[in-house]
Asker: 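Quick one: the structure is below, questions incoming.
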Protein chains: 2
Amino acid sequence: MMNRSEPKGTFSRPERTETDASVAAGLNNEALDSILLFTLRRTQAVIMQDFVSRFDALDLRPIQLGALLLIRSNPGSRQSDIAAALGIQRPNFVTMMDELDRRGLTQRTTSNNDRRSYSLGLTPQGEALVNKALQLLAEHEAFVSSGLDPNERRQLFDNLNRIESGLASGGR
Amino acid sequence: MMNRSEPKGTFSRPERTETDASVAAGLNNEALDSILLFTLRRTQAVIMQDFVSRFDALDLRPIQLGALLLIRSNPGSRQSDIAAALGIQRPNFVTMMDELDRRGLTQRTTSNNDRRSYSLGLTPQGEALVNKALQLLAEHEAFVSSGLDPNERRQLFDNLNRIESGLASGGR
DNA sequence: TATTGTTATACTCTATAACTATA
DNA sequence: TATAGTTATAGAGTATAACAATA
């Protein structure tokens with residue numbers, strides 16, 4: 001173990017928290033635990049698991065709920081805009097919209113100003129589904145944050161957002 | 001906007017930090033910004049970008065570096081153990097080991113005790129590559145954490161680990 | 001010329017079933 | 001019988017090129 005007193009050029013280690021898998025096999029994974037990317041990945045994995053199991057009842061994957069929420073908050077948006085906000089490619093969003101349309105949750109209205117693009121919107125069924133989803137979402141967020149007090153949760157979002165805005169699009 | 005005074009049953013919102021994409025299109029993505037899974041995903045994406053661009057010179061993807069680091073810290077481990085610690089399926093780890101072997105970075109020695117399994121280890125070239133990688137890794141971690149002071153970075157790891165250990169394997 | 005939606009396609013990641021050799 | 005490594009395979013997710021319609 002390292003010195004407690006912050007040696008220069010060294011990063012503070014996270015608290016010792018072994019991965020399940022490594023604990024099971026008795027592996028030393030200290031090296032991985034101190035890498036932010038890997039810690040984020042593990043945390044995301046367990047959160048994803050809870051999300052997927054909760055939203056299985058509504059047959060909604062995270063990205064689909066993201067699309068519905070964005071369309072609801074930004075009615076009239078174009079596919080390109082929603083895809084960009086979701087961080088996915090336009091071609092891949094087409095397939096997603098095809099399915100949401102097929103399920104009667106969304107509608108593509110041909111725009112008057114620009115006949116190349118669609119105006120996206122939720123159908124009444126889409127609105128109804130999102131309302132159910134918001135309830136599940138609140139329970140999901142409460143569950144995954146149950147180990148954090150409100151201030152710690154705020155700190156977490158703040159730290160994540162600071163990292164993102166510090167690195168975003170600028171490159172290095 | 002909501003009241004500042006923590007209304008009951010409501011979660012503290014993260015600080016207002018718009019996604020690049022949504023800013024570009026002028027979209028309101030408040031709903032997504034308050035979902036931990038989505039915020040984690042965005043943060044992970046920008047960190048991944050930096051990681052990949054830095055390690056391109058060594059031709060190492062994150063999961064490959066993870067494998068090398070685990071093997072280094074746990075010489076003699078079996079493939080199943082390393083795969084589990086990495087959180088990937090055993091069949092998929094086989095392909096990875098095939099490539100690391102082909103590149104002369106790792107070696108599979110048939111175990112004496114149990115001739116079904118291999119004892120994994122790094123070759124001298126593997127050791128050398130990991131040493132170079134550790135330098136890059138330190139620079140990567142410094143860069144992605146440059147917006148956080150040591151205490152904030154510690155908090156971030158701690159909060160992520162608390163979420164993970166709170167949800168891990170127990171289900172809900 | 002440039003952009004929106006689209007099609008086709010390919011590459012990575014991930015997950016499962018089934019085989020073999022050992023135990 | 002159970003387990004380690006393996007093979008084959010299938011499904012997501014993601015990325016790019018190129019086309020038709022429209023600007």
Side-chain angles (χ1 to χ4, degrees), chain A residues 21 24-25 27 37-38 41-42 44-46 48-49 51-53 55-56 59-67 71 76-102 106-120, chain B residues 21 24-25 37-38 40-42 44-46 48-49 51-53 55-56 59-67 71 76-102 106-120:
Chain A
L27 291 198
L37 180 61
F38 292 179
R41 183 182 290 186
R42 287 200 315 266
Q44 202 197 300
V46 296
M48 176 80 82
Q49 220 175 335
F51 191 109
V52 167
S53 75
F55 283 86
D56 182 58
D59 193 21
L60 281 181
R61 277 161 299 169
I63 195 75
Q64 293 176 313
L65 177 59
I71 293 171
S77 294
R78 299 171 308 159
Q79 290 190 178
S80 312
D81 297 332
I82 301 292
L86 287 172
I88 68 176
Q89 300 297 317
R90 275 64 82 207
N92 298 327
F93 185 62
V94 171
T95 320
M96 219 181 111
M97 276 301 300
D98 286 346
E99 189 186 335
L100 295 177
D101 257 28
R102 185 189 56 71
T106 55
Q107 51 194 1
R108 299 190 249 214
T109 313
T110 314
S111 177
N112 292 328
N113 343 357
D114 185 342
R115 284 177 19 245
R116 289 174 302 183
S117 63
Y118 291 131
S119 256
L120 303 185
Chain B
L37 180 61
F38 291 179
L40 282 174
R41 182 182 292 185
R42 287 200 315 266
Q44 202 197 301
V46 296
M48 175 79 83
Q49 220 174 335
F51 191 109
V52 166
S53 75
F55 283 88
D56 183 57
D59 194 20
L60 281 181
R61 277 160 299 169
I63 195 76
Q64 293 175 313
L65 177 60
I71 293 172
S77 293
R78 300 170 309 159
Q79 291 191 177
S80 311
D81 296 332
I82 302 292
L86 287 172
I88 67 175
Q89 299 296 319
R90 275 64 82 208
N92 298 327
F93 186 62
V94 171
T95 319
M96 218 181 112
M97 276 302 300
D98 286 346
E99 189 185 337
L100 295 177
D101 257 28
R102 185 188 56 72
T106 54
Q107 50 194 1
R108 299 190 249 212
T109 314
T110 314
S111 176
N112 292 328
N113 343 358
D114 185 341
R115 284 174 23 244
R116 288 175 302 184
S117 64
Y118 292 130
S119 257
L120 302 185

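Proteins come first, then strands; the chains are lettered A, B, ... in the order of their sequence lines, and each starts at number 1. All values below come from the heavy atoms of this structure, side chains included, with hydrogens, waters and symmetry mates left out.
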Asker: Which part of the nucleic acid does Tyr118(B) contact within heavy-atom distance under 4.0 Å: base, sugar-phosphate only, or nothing?
Answerer: sugar-phosphate
Asker: May I have the distance from Phe93(B) (atom CZ) to dA8(D) (atom P), rounded to whole angstrom?
Answerer: 20 Å
Asker: Measure across Arg108(A) and Val94(A) and return the closest heavy-atom pair with its distance rounded to 0.1 Å.
Answerer: NH1-O, 4.2 Å
Asker: List the atom of Thr110(B), the atom of Arg115(B), and the distance in Å for their closest heavy-atom pair.
Answerer: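 Heavy-atom minimum between the residues: CG2-O, 4.1 Å.
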Asker: Could you please name the option among dA8(C), dA8(D), dT4(C) that lies closest to any side-chain atom of Ser117(A)?
Answerer: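 Side chain of Ser117(A) sits closest to dT4(C).
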Asker: Tabulate protein N/O versus nucleotide N/O from nucleotides 9-14 of chain D, keeping only pairs under 3.5 Å, one per line.
Answerer:
| from | atom 1 | to | atom 2 | distance (Å) |
| --- | --- | --- | --- | --- |
| dG13(D) | OP2 | Arg61(A) | NH1 | 2.8 |

Asker: Is any N or O donor-acceptor pair between the side chain of Arg116(B) and the base of dT3(D) shorter than 3.5 Å?
Answerer: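 Checked by distance alone, the answer is yes.
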Asker: Assign each of Asp114(A) and Arg90(A) to its nearest nucleotide of DNA chain D by heavy atoms, then name whichever residue's nucleotide is nearer the 5' end.
Answerer: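 The 5'-side residue here is Arg90(A).
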Asker: Rounding to a whole Å, what distance do you find between Asn113(B):CG and dG5(D):P?
Answerer: 13 Å
Asker: Measure across Asp81(B) and Arg78(B) and return the closest heavy-atom pair with its distance rounded to 0.1 Å.
Answerer: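 Nearest pair, atom of Asp81(B) first, then Arg78(B): OD1-NH2, 2.9 Å.
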Asker: Would Arg41(B) and Ile63(A) count as a side chain to side chain contact (heavy atoms under 4.5 Å, CB included) if you check the C-alpha gap in whole Å, the side-chain angles of each, and the deciding distance to 0.1 Å?
Answerer: CA-CA 11 Å; Arg41(B) 182 182 292 185; Ile63(A) 195 75; 3.8 Å; yes
Asker: What is the distance, to the nearest angstrom, from the CD atom on Gln79(B) to the P atom on dT7(D)?
Answerer: 10 Å
Asker: Hey, is the side chain of Arg108(A) poking within less than 4.0 Å of OP1 or OP2 on dT6(C), counting only N and O atoms?
Answerer: yes
Asker: Using whole Å, what does the distance between atom P of nucleotide dC13(C) and atom CD of Gln44(B) come to?
Answerer: 13 Å
Asker: So which atom in Phe51(A) and which in Leu37(B) form the shortest heavy-atom distance, rounded to 0.1 Å?
Answerer: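 That would be CD1-CD2, 3.8 Å.
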Asker: Whether Arg115(A) contacts dA23(D) is assessed here as follows: a side-chain N or O lying under 4.0 Å from the phosphate OP1 or OP2. Is that the case?
Answerer: yes
Asker: Starting at CE of Met96(A) and ending at P of dG5(C), how long is that distance when rounded to a whole Å?
Answerer: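 So the two atoms are 14 Å apart, to the nearest Å.
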Asker: Considering non-hydrogen atoms only, spot the tightest contact between Ile82(A) and Ser77(A) and give its length.
Answerer: CD1-CB, 3.7 Å
Asker: Any side-chain heavy atom of Gln79(A) within less than 4.5 Å of one from Arg90(A)?
Answerer: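 Result no, sub-4.5 Å side-chain heavy-atom pair not found.
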Asker: Whole-Å distance between dA15(C) C1' and Gln49(A) CD?
Answerer: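 So the CD-C1' distance, Gln49(A) to dA15(C), works out to 13 Å.
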Asker: Grab the CG-P distance between Asp98(A) and dG5(C) for me, whole Å please.
Answerer: 12 Å
Asker: Does OP1 or OP2 of dG5(C) have a side-chain N or O of Ser80(A) closer than 4.0 Å?
Answerer: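 Answer is yes, contact under 4.0 Å.
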